[in-house]
Amino acid sequence: MEEQNPTFIDSTKLIFGIGQVEKITEVSGRQLRYWEKQGYIQPLEQKKGASRQYNLHTLFMIFHIQRFLNQGFTLQTAVDKARKFDEQIPVLREFLSNQLKGIIVKDDQKLLDFGYLDASHQQRIYGVIKDGKTSFKIDPVSH
DNA sequence: TTTCTGACA
DNA sequence: TGTCAGAA
């Protein structure tokens, strides 16, 4: 017995060349080199003159910086907002991985099961997605 | 062919 | 920030 089957793809093994990053994020190579020079992004450690490689997280940052630039923010502000957004992702992950108990997909709606409302275990709370709109629903637990 | 660095009719 | 040159 060595390794168990991994649950997730090892994102550290996902690397992208600058050309791929350009296509995916629509940020020019010129910009990517400039942002790097300004210290906003950092490619994987490469030898001098070697082509740049970016990990998934950096690709994510580049994507969002561009997204904020497109919204009219300055580069510095776009970077700040992207970094702030980046900090929020782990929080969302933590909450969801702990609180989301299951997902129920029906024909007309999707239900996110967030488990019991409280310690009394009398009610269960669901996140609802229906007709493109979201809401919450609390149902009594049938024992 | 792609990417790199440096420079600017 | 685009684009071109000359090299890798």
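Chain identifiers are assigned alphabetically (A, B, ...) following the order of the sequence lines, protein sequences preceding nucleic acid strands; residue numbering begins at 1 within each chain.
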Task: A:Asp118, A:Asp139, A:Asp113 screened by salt bridge (Lys or Arg N to Asp or Glu O under 4.0 Å) with A:Arg124, the one that passes - done: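 So the option named by the test is A:Asp113.
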Tell me, please, which residues at least two apart from [X] pass side chain to side chain contact (heavy atoms under 4.5 Å, CB included).
{"X": "A:Thr74", "value": "A:Gln76, A:Thr77"}
{"X": "A:Leu56", "value": "A:Ser11, A:Leu14, A:Phe16, A:Leu59"}
{"X": "A:Gln71", "value": "A:Arg67, A:Phe68, A:Phe73"}

Please check if the number of heavy atoms outside [X] that lie under 6.0 Å from its [atom1] is greater than 12.
{"X": "A:Ile9", "atom1": "CD1", "value": "no"}
{"X": "A:Lys23", "atom1": "NZ", "value": "no"}
{"X": "A:Phe63", "atom1": "CZ", "value": "no"}

Task: Whole-Å gap separating P (B:dT1) and CD1 (A:Ile18) - done: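 So the two atoms are 19 Å apart, to the nearest Å.
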Nearest-0.5 Å distance that lies between atom [atom1] in [X] and atom [atom2] in [Y]:
{"X": "A:Ile125", "Y": "A:Leu111", "atom1": "CD1", "atom2": "CG", "value": "11.0 Å"}
{"X": "A:Thr58", "Y": "A:Asn55", "atom1": "OG1", "atom2": "CG", "value": "3.5 Å"}
{"X": "A:His64", "Y": "A:Leu69", "atom1": "NE2", "atom2": "CG", "value": "13.0 Å"}

Open item on the list: Does anything in residues 27-51 of chain A come within less than 4.0 Å of DNA chain B? Heavy atoms only, and list the residues if so.
Closed with: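 Per residue number, the list reads A:Arg30, A:Arg33, A:Gly49, A:Ala50, A:Ser51.
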- [ ] Name every residue in residues 55-78 of chain A that has at least one heavy atom under 4.0 Å from any atom of DNA chain C, in order of residue number, or write none if there are no such residues.
- [x]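 Nothing qualifies; none.
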Task: Pairing stems for DNA chain C [at least three consecutive pairs; Watson-Crick or G-U; under 3.5 angstrom] - done: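 The stems are B:2-8 with C:2-8.
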